[in-house]
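Along the sequence shown, residues are numbered consecutively beginning with 1. The figures here come from the full heavy-atom set of this structure, side chains too, leaving out hydrogens, waters and symmetry mates. First listed ligand is number 1; within each ligand, the first listed atom is number 1.
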Amino acid sequence: MRQSIDRTFTPAADAVDAALVPKRVLYTGAEMPAISLGTFGSDHVSAGEIAEAVKGAISVGYRHLDCAAVYGNEDRIGDALQELFSRGLRREELWVTSKLWNDKHAESDVIPACRQSLADLQLDYLDLYLVHWPFPNFHPPGCRVDSRSLDARPYLHENFMKTWRQMEALVDLGLVRHIGTSNMTIPKLTLLLRDARIRPAVNEMELHPHFQQPELFEFVRASGMEPAGYCPLGSPHRPERDRSPEDTVDMEDPVIVRIAQRLGVHPAAVCLRWAVQRGQTPIPQSANRRNYLANLRAVVSEALTADDMRAIAALDRNCRLVKGQVFLWKPEQSWQDLWDLNGVIAS
Ligand SMILES: NC(=O)c1ccc[n+]([C@@H]2O[C@H](COP(=O)([O-])OP(=O)(O)OC[C@H]3O[C@@H](n4cnc5c(N)ncnc54)[C@H](OP(=O)(O)O)[C@@H]3O)[C@@H](O)[C@H]2O)c1
């Protein structure tokens, strides 16, 4: 859109060279940077702070942003991007992802919702647009975990495909380059892959050392999709509603701490290096320059050893942090019902 073509973008003096950041090659041949900046403020980082972090992160070498309409800050991120474009950054240097929120699954809502994200972000196209959750179940921002939308319902493949056809139409219209999913399961993806005209390019899923989802991870890769991993650091400042007494803390795991001490880095760097080396695209969030710069440096730093990789693989504790209770559709259900744990889509 409105961007300068007569200036060259000057990165920060201590920036990581964006060309050195590993890339994932999607089935279209497009290259997606293998680390993304998270932009969900977890209810305590303001839209303004996230927008500042976007500017700072791009200045230090990030080229991939994980946005979503429901994060409530795309308009501020749009202003930040305009400022960067006026300083010579080119749109095609960036990979911008956004997501369709649950209350916009109706056929008539998908294209307008995407157009709204584009208007807020002040972009002509998105590199990737995801269906944020496979359910149309709406929850108001910051609601309690026992809150349920009145029309909450289970995953209905027929309905999901109506949403997906509109996602495909967005590609046809040139508004998005790729479409994908988030918070899916193997049974749901199996149906989607069977019926899609335009296949999902990416599945965004929770991934960190204590929650490695090995089966889904392998399924996603074997199906020609790239796994993008949210909460890569174990989301230490997640909202209260996403905390349970049984949750474990990745960055305090003695194995992670020991590797970090040996390398002289923060445990966050070990989680991210492991993620990129394993083959997922981590999405760390930080509004703190020292941290987001360290996170980017971690993915261009020396590889972990095969022993380190094996030791971290053995840490999986199946500890899901984002359980999704608010999307349940029956009062007596538990959060496990959202995740098709017995291989069958819950009804
Ligand atoms: N698709 C989905 O349904 C979905 C769900 C959840 C999240 N997401 C995406 O994933 C992103 C990340 O998730 P998340 O924020 O929950 O989890 P996270 O990235 O695992 O954790 C973020 C937290 O880690 C801290 N941190 C970051 N770098 C650090 C470092 N080097 N050292 C110490 N602490 C560090 C940050 O605090 P400081 O600000 O103090 O650095 C921040 O509070 C979100 O922003 C969003 O884009 C997607």
Side-chain angles (χ1 to χ4, degrees), residues 35-47 49-54 56-57 60 62 64-74 77 95-102 128-135 137 139 180-185 200 202-211 213 227-243 247-252 256-257 260 263 265-275 280-299 301 319-324 326-327 338-339:
I35 179 171
S36 176
L37 182 78
T39 66
F40 174 43
S42 291
D43 303 350
H44 69 275
V45 185
S46 72
E49 289 167 315
I50 293 283
E52 278 306 309
V54 163
V60 301
Y62 283 78
H64 182 171
L65 302 176
D66 183 70
C67 307
V70 75
Y71 300 160
N73 52 26
E74 289 190 324
I77 293 174
W95 182 281
V96 183
T97 298
S98 182
K99 312 187 192 84
L100 178 77
W101 186 234
N102 305 10
L128 177 64
Y129 196 49
L130 306 175
V131 182
H132 206 145
W133 286 83
F135 308 96
N137 308 343
H139 79 87
T181 51
S182 177
N183 298 303
M184 289 289 263
T185 62
V202 170
N203 183 56
E204 193 166 305
M205 54 200 275
E206 182 177 330
L207 289 172
H208 43 96
H210 286 181
F211 192 59
Q213 304 211 64
Y230 69 72
C231 302
L233 308 177
S235 197
H237 303 135
R238 63 192 177 282
E240 212 43 51
R241 63 173 183 277
D242 285 337
R243 291 179 189 271
D247 292 349
T248 56
V249 183
D250 301 72
M251 291 198 284
E252 291 175 8
I256 303 280
V257 171
L263 298 174
V265 296
H266 191 279
V270 177
C271 295
L272 296 172
R273 184 66 233 177
W274 166 79
Q280 63 220 34
T281 296
I283 311 171
Q285 183 275 328
S286 180
N288 172 326
R289 188 180 194 277
R290 189 195 58 197
N291 285 350
Y292 59 67
L293 176 54
N295 294 345
L296 187 62
R297 285 201 176 126
V299 307
S301 62
C319 177
R320 188 188 288 281
L321 302 173
V322 178
K323 300 175 179 65
V326 288
F327 306 120
L338 285 176
W339 303 102

Problem - Nearest non-hydrogen partners of Ser36 and Pro284, listed with the distance - result: O-CD, 3.2 Å

Practice task
Tell me yes or no: between the side chains of His210 and Thr248, is some donor less than 3.5 Å from an acceptor?
Solution key: yes

Exercise for the section: Measure the CD1-OH distance between Ile283 and Tyr230 for me, rounded to the nearest 0.5 Å. Expected result: 9.5 Å

Handout entry: First-shell residues of ligand 1 [heavy atom, distance under 4.0 Å]
Key = Gly38, Thr39, Phe40, Asp66, Tyr71, Lys99, His132, Trp133, Ser182, Asn183, Glu204, Tyr230, Cys231, Pro232, Leu233, Gly234, Ser235, Pro236, His237, His266, Ala268, Ile283, Pro284, Gln285, Ser286, Ala287, Asn288, Asn291, Asn295

Practice task
For Tyr62, check ring-ring contact (aromatic ring centres under 6.0 Å, His included) against everything at least two apart and list the hits.
Solution key: none

Handout entry: Lys/Arg N to Asp/Glu carboxylate O, Asp242 vs Arg320, below 4.0 Å
Key = no

Practice task
Specify whether Phe135 and Phe327 have parallel, tilted or perpendicular ring planes, treating 30° as the upper limit for parallel and 60° as the lower limit for perpendicular.
Solution key: parallel

